[in-house]
Amino acid sequence: MSAYKSELLEVLSTRGYIHQVSEPEALDALARASKITAYIGFDCTAPSLHIGSLVPIMMLYWMQQTGHRPIALMGGGTTRVGDPSGKDDSRQILTDERIAENLTGIRKVFAKFLKFGDGPGDAVMANNADWLNTLNYIDFLRDVGRHFSVNRMLSFDSVKLRLDRQQELSFLEFNYMILQAYDFVELNKRYGCTLQMGGSDQWGNIVNGIDLGRRMLNAQLFALTTPLITTSSGAKMGKTAAGAVWLDADMLSAYGFWQFWRNTEDGDVARFLKLFTVLPLDEIARLAALKGQEINDAKKVLATEATALIHGRAAAEEAAETARRTFEEGAMAETLPTIEVPQAELAGGLGVLAAFVKAGLVKSNGEARRQIQGGGIRVNDVAVTDEKSTLTPSQLTPEGVIKLSLGRKRHVLLKPV
RNA sequence: GGGAGAGUGUCCCGAGUGGCAAAGGGGGCGGACUGUAAAUCCGCUGGCUUACGCCUUCGUAGGUUCGAGUCCUACCUCUCCCA
C-alpha cells in the first residue's frame with residue numbers, strides 16, 4: 001500500500017500515522033532528497049500531556065529516527081487564545097501563570113523521545129509566546145491579516161461547526177487559526193521548517209499556514225495529519241477509571257499506565273503496537289497473529305514497550321512484574337501503589353470506608369458503602385460485607401501491609417508507618 | 001431599542017402536574033460470564049450518618065406558599081423574530 005520512496009513517509013505510513021498529506025509526491029521527494037524540518041504544536045491546557053498527544057509525539061520521534069529535524073512547539077502564546085477546533089464550547093481562558101506552569105510540566109516529556117541540541121539532527125524546542133506575545137496589533141493586521149479572507153475563514157470546519165450549531169465563537173478564538181498560521185511562517189523563517197504535523201482536527205489550521213507561507217514568503221509548505229485514534233468499539237481513547245491517561249509519572253504511575261495498555265481491546269492490539277511502540281514491524285506482525293487467550297501476551301508486550309518509552313525500561317519491567325504477581329499468581333506485590341497511615345490510627349481500628357477513601361479508590365464514604373453492597377470491595381482478597389468493619393494491625397500480612405481492592409483490577413496497599 | 005423562547009443532578013444529553021434527591025438515556029463504576037478483552041445480563045451512579053434522619057442541589061438574587069425545579073419580580077447568559 002505504501003508507495004512512498006522516502007524513509008520518513010514510508011515509516012509513518014506503514015505504522016499507521018498518516019491520515020492526510022498535502023502534495024504527497026512533492027513531500028516524499030523532498031524528504032528523500034534532503035533533511036526536512038517539521039513541527040507539531042502542543043497547547044498548554046493541562047499540567048501534563050495525555051495519551052492523546054502520544055501519536056504526535058511519536059511522529060516527532062520517527063522524524064528524528066529517519067534523519068530529519070523535529071521541532072516541538074510549545075503553545076505558550078496560542079494557549080492564551082484557545083483553539084476552537086473540535087470544541088463545542090469556548091475554551092476556558094487560562095491565566096498566564098497557569099499556562100506557564102502547564103508549559104513546564106509538558107516540556108519534560110519530550111526529552112524522553114527526542115535528542116535536543118544544536119547539532120544538525122538535533123531536535124528543537126520552541127515556544128510561540130516568543131514571537132506572539134510581542135506582536136503589534138496594527139502591524140500584524142497589515143502584514144499578516146491582509147492575507148486572510150474572512151469569507152474563507154468562515155468556511156473552515158472549526159468555525160462552521162460553531163456557527164451551524166449557533167454556538168458562540170468569540171473573536172478571540174476566531175483569531176486562533178491566524179496565529180497558528182503565523183507560527184508556521186515564523187518557524188519557516190527561523191528554522192527552515194517546511195512541514196507541520198498534527199491531529200486530523202488540525203488540518204484546517206495547518207492549511208491556513210501553508211497558504212500564508214506561500215503568500216508571505218513564497219515558500220512551499222506541507223501538511224500531514226494523523227487519524228483520530230479510537231478504540232475498535234468506537235470510544236475515544238484515553239479514559240480509565242482514574243480519568244485521563246496522563247504521561248507524567250506524578251499524575252499517573254508507571255503501573256497505572258502499564259495497566260491502561262494491558263486492558264487494550266483485542267481488535268486494537270496490532271494497530272497500537274505500531275503506533276505506540278518502536279518494535280520492528282515483523283515482530284509486531286508475529287504478535288498480531290496471536291489468537292484467543294494468547295493475544296494477552298501481545299497486550300503485555302504492548303504495555304511494557306509503551307510504558308518503557310515514557311517511564312523508562314526499568315519502571316516498565318517493574319510494572320509488568322507487579323501485574324504478573326498480582327494477577328497471575330494472585331500474590332501480593334509490594335510494588336503496588338501504596339498509601340501510608342500512622343501506626344496509631346491503625347491500632348485504634350481504621351474504618352474500611354475511611355481506608356478506601358484515603359486510598360483514593362472511592363471518592364466518598366457513600367460510594368464506598370455502595371461498592372460494598374455491590375460486592376466490589378475486598379480487604380486482603382476477602383470481600384467486605386459489613387461497612388462498619390474496621391482494619392486493625394491483626395490484618396497485616398507477613399509483608400506488613402493490608403491490601404485494599406476495588407473490583408478485580410484496582411489494588412492499593414495500606415502500610416502503617 | 002421592542003417581542004418570543006431557553007438555561008435541570010458540576011461528565012454529557014434530557015423529562016419534569018406545587019409534595020422532588022427529581023423520569024429516561026449515554027458515559028462511568030461494581031457484579032456475573034471470560035482471557036485483566038469485546039459482546040451480553042444485573043446492580044449502583046449528590047454529601048453526612050450504624051440508623052430514624054439531616055444537609056446541599058434545577059442560571060443568579062429576592063418574593064408568594066405549610067411546602068417551589070415547578071408560580072411571581074428583578075438581574076445575568078444564550079437563541080430566534082422585529083427595528
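Chain letters run A, B, ... following the sequence lines, proteins first and then strands; every chain starts at 1. For clarity, every value in this text was computed on a predicted model and none was experimentally measured.
In this structure B:C80 sits in the anti conformation; its chi angle is more than 90° from 0.
The side chain of A:Asp266 has B:G35 as its nearest neighbour among B:G31, B:G35, B:U36. In the set B:G30, B:G35, B:A37, B:G30 carries the atom at the smallest distance from any side-chain atom of A:Leu406.
Remark: the separation of the C1' atoms in B:C13 and B:C82 is 32 Å, to the nearest Å. Using C1' as the reference atom, B:G47 and B:G2 are 46 Å apart when rounded to the nearest Å. If you take atom C1' in B:U40 and the same atom in B:U49, they sit 37 Å apart, rounded to whole Å.
Partners of A:Gln343 by side chain to side chain contact (heavy atoms under 4.5 Å, CB included), not counting sequence neighbours, listed by chain and number: A:Pro416.
Under the 3.5 Å distance criterion, with hydrogens and angles disregarded, no donor-acceptor pair is assigned to the side chains of A:Arg107 and A:Asn127. There is a side-chain donor-acceptor pair under 3.5 Å between A:Gln180 and A:Gln196.
Each of A:Gln293 and A:Arg408 has a nearest nucleotide on RNA chain B; the 5'-most of these lies closest to A:Arg408.
Among the heavy atoms of the strands lying under 4.0 Å from A:Ile295 is at least one base atom, whether or not backbone atoms are also near. Nucleic acid contact for A:Thr264: sugar-phosphate only, since backbone atoms but no base atoms lie under 4.0 Å from a heavy atom of the residue.
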Got a list of protein N/O to nucleotides 42-52 of chain B N/O distances below 3.5 Å?
from, atom 1, to, atom 2, distance (Å)
B:G47, OP1, A:Ser364, OG, 2.9
B:G47, OP2, A:Arg370, NH2, 2.5
B:C48, OP1, A:Asn365, N, 3.3
B:C48, OP2, A:Gly366, N, 3.1
B:U49, OP2, A:Asn365, ND2, 2.8

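Here A:Lys409 reaches the OP1 or OP2 of B:A37: one of its side-chain N or O atoms lies under 4.0 Å away.
Counting non-hydrogen atoms of neighbouring residues, nucleotides and ligands closer than 6.0 angstrom, the NZ atom of A:Lys300 exceeds 12 such neighbours. Residue A:Lys5 qualifies as open at atom NZ: its count of foreign heavy atoms under 6.0 Å is 12 or below.
Between A:Ile284 and A:Thr277 there is a side-chain heavy-atom pair separated by less than 4.5 Å.
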